[in-house]
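What you are looking at is a predicted structure, and each value in this text was computed from that prediction instead of being measured. Numbered from 1 within each chain, the chains take letters A, B, ... in sequence-line order.
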Amino acid sequence: MNLAGPHIEDKLLDLAYGELPPAELQAVEAHLKGCAACTEALDSIQGVRRVMSKLPVETPPDSGLDSLLAYAEQAARRTAAGPPPRAGWRRWLVPAIGLGSVLVIVGLVATQGSRTTTPDLFQMRARPAATPAAVPIAATPPAEPATAPAPPPRPAALAETRRADSRPEPTDDLRFKPKEPLEPRKGSEDADREGIARSQPPAEKVVAKEPAVSDEALDKKDGTARAHTIRAETKESQKARERNGETSLGQTASATDRSGGAVVAHAGALTPAASPVSNEHLSGPNAPKPVEPTSTPAATPPAASAPRLVAEDATRMSNADPAEHKPLVATKMSEQARPAFESAGRQEAADVDMPVKKSPQSALARANSAIAEQRWDAAIDSLRVAVDETSDPTERDGLLEKLCGLLQEHLSRDCDQLEHQYATSPWATRRASARASRKTAIQPAELDQADRAKKADKAAPAAKHVEPAPLLMSH
Amino acid sequence: MLGFRSGDARAFESLVRRHRTPVFNFIIRYVGQKARAEDLLQETWLKVVRGAQEYEPHARFTTWVYTVARNVCVDSARRESYRKAESLDGPAGADDEGRALSEVLPDDGASPDRAAYNVRLRPMLSRALRALPEEQREVFILREYNGIAFKEIAVVTGVPENTVKSRMRYALEGLRKKLQEQGVDGDMFEEGRAAG
């Protein structure tokens, strides 16, 4: 040990307080004999200690001693007796409370989860009932019987329904922007539309989107039964359009604009005795069954009165009590929204609230995207939407050409129905004339009678092909 | 302590009678006020009773009880830091009729000369001790007045032993300087040395 350096000061403290090990004691003492600094430091320590030791020792008072000992004796008795036995029910109290809390939390989480899964449509649907003051006062009695004759669906609305049904992309189909018509409109229809928009902005928003959701849902889940309904509607729509000659894009756009109220009326026809919305509709064995479209035939409108009906519906919608429509729409949603959101996910519900501009360009973009992903059905449907939405005859012609090519190439289907549906388009005219010329060229030499009959069947008038929907509904 | 933990109340009484005075002296030199020291002493022993079941015999009871007492003092000092601190020169309390703590400390029963000397010296010692930082003061008190080894002081204060020794050296140096400032050197030192 080196005691010659400054480290000896560390040992002086131990030496002064008697904590120095005996093995080091002699070495330190030897160092102190030859080191005046360390000796002086040790004297300083000892001098302070001597002076400070003059502080007297204090004696604590006995005042609290008895109480302290009594307290200690009581504690000792408790300790000797052991822990007090708890009552049986107390033993289970804490675990029971804990279990109950866990169950409550799980229930809340499950409820919250179901609400999250449930589309926002339900919340939006509840708005009119929750804030009735925000809705125009009903001109008609609020307790209008649900079994009342349903307003006839307008052909335009049915056309919109068909279009919505044909769209493979639910996120886009769910979006609807009634205030932005594809073509400017003037006159009373504008006034009607604006009346709807002013009087019922939330209801219009909700109602306009719900059928798209339900249709999409049924396309993916229980599409069979629903497909028949939609197909029937599509037939009616087709008939009405044919009777009205309503083939221009402007009229289609008008129908789109009016479809908010029209679809509500349609929903009312489908579910006349619906109950208010609740989550019970979404799950459980007691969930109401989807209402079959038994009342749909009554909804077939006289085509000639379609514009007037649209105006009437718009007026009725603007004056109607939202509670009158809410249950109807709600039930339609409860039976149809679930598969939609089960299959398409929650993003669709989030997208419902977002206004989307509906344009042939966007449909074309979707079609291109679907083609890139080789989703031919989706591509064809998007192309059909683009064809319907475009106002440029040349562009429509090109789109029809492309659509026909896709049908033939990837779905092995002919374009006869397409040609029939767009019979007035230049594309259909060219195709028909080309087919006629080809038939004229080969008929005498190469076709027998049976073939000619078969070809004649395919080229038969449109009355035999009243179902253009298969092209739309095939997927 | 193990006896008391097993339910023997007399074991606790034995502990109290053995350690009560040293613990009280530690507390009164730490806080500097007699009445407050009495309260803290009672609080310390109550904590010992309540914490008997948590006591583990891997350390000496002395170490444990001083740890409890120190924690009580530290908590009290924190509470008192929000109040106006009373110095040793200030009034010691209503019972002491305005006299300083160092003046009410009992004499050791020596001769009148020695008593007079002590009356002069004690306030100076108290002031010097009070002037030390808290961490140095507690180390000095525990080692000088309570005889706790540096190793155990490290346990009580929760710092390494070298830190304890370092604080002790600073405390001794601080006391020496403070006593020199008050003139407690030279003759008084010699007198004290002779008296000791």
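Note: B:E144 leads B:R17, B:E144, B:E38 in heavy-atom pairs under 4.5 Å with chain A.
Residues satisfying the side-chain hydrogen bond (donor to acceptor under 3.5 Å, both in side chains) criterion with A:Y71, sequence neighbours excluded, are B:R50. Partners of B:E161 according to the side-chain hydrogen bond (donor to acceptor under 3.5 Å, both in side chains) rule, which considers only residues two or more places apart in sequence or in another chain, do not exist here. For B:Q136, the side chain to side chain contact (heavy atoms under 4.5 Å, CB included) partners are B:L132, B:P133, B:R167, B:Y170, B:A171, not counting sequence neighbours.
Salt bridge absent: A:D43 and A:R50 never bring a charged side-chain N and a carboxylate O closer than 4.0 Å. The pair A:E19-B:R143 meets the salt-bridge criterion, since a charged nitrogen lies less than 4.0 angstrom from a carboxylate oxygen.
Contacts with chain A (heavy atom to heavy atom, under 4.5 Å) involve these residues of residues 149-159 of chain B, listed by number: B:A149, B:F150.
B:F24 does not carry B:R29 over the face of its six-membered ring by the limits of under 6.0 Å from the centre and within 45° of the normal.
A:S44 places no side-chain N or O within donor-acceptor distance of the main-chain N or O of A:E40, the cut-off being under 3.5 Å.
Using a 4.5 Å cut-off between heavy atoms, B:L41 touches chain A through its side chain atoms alone.
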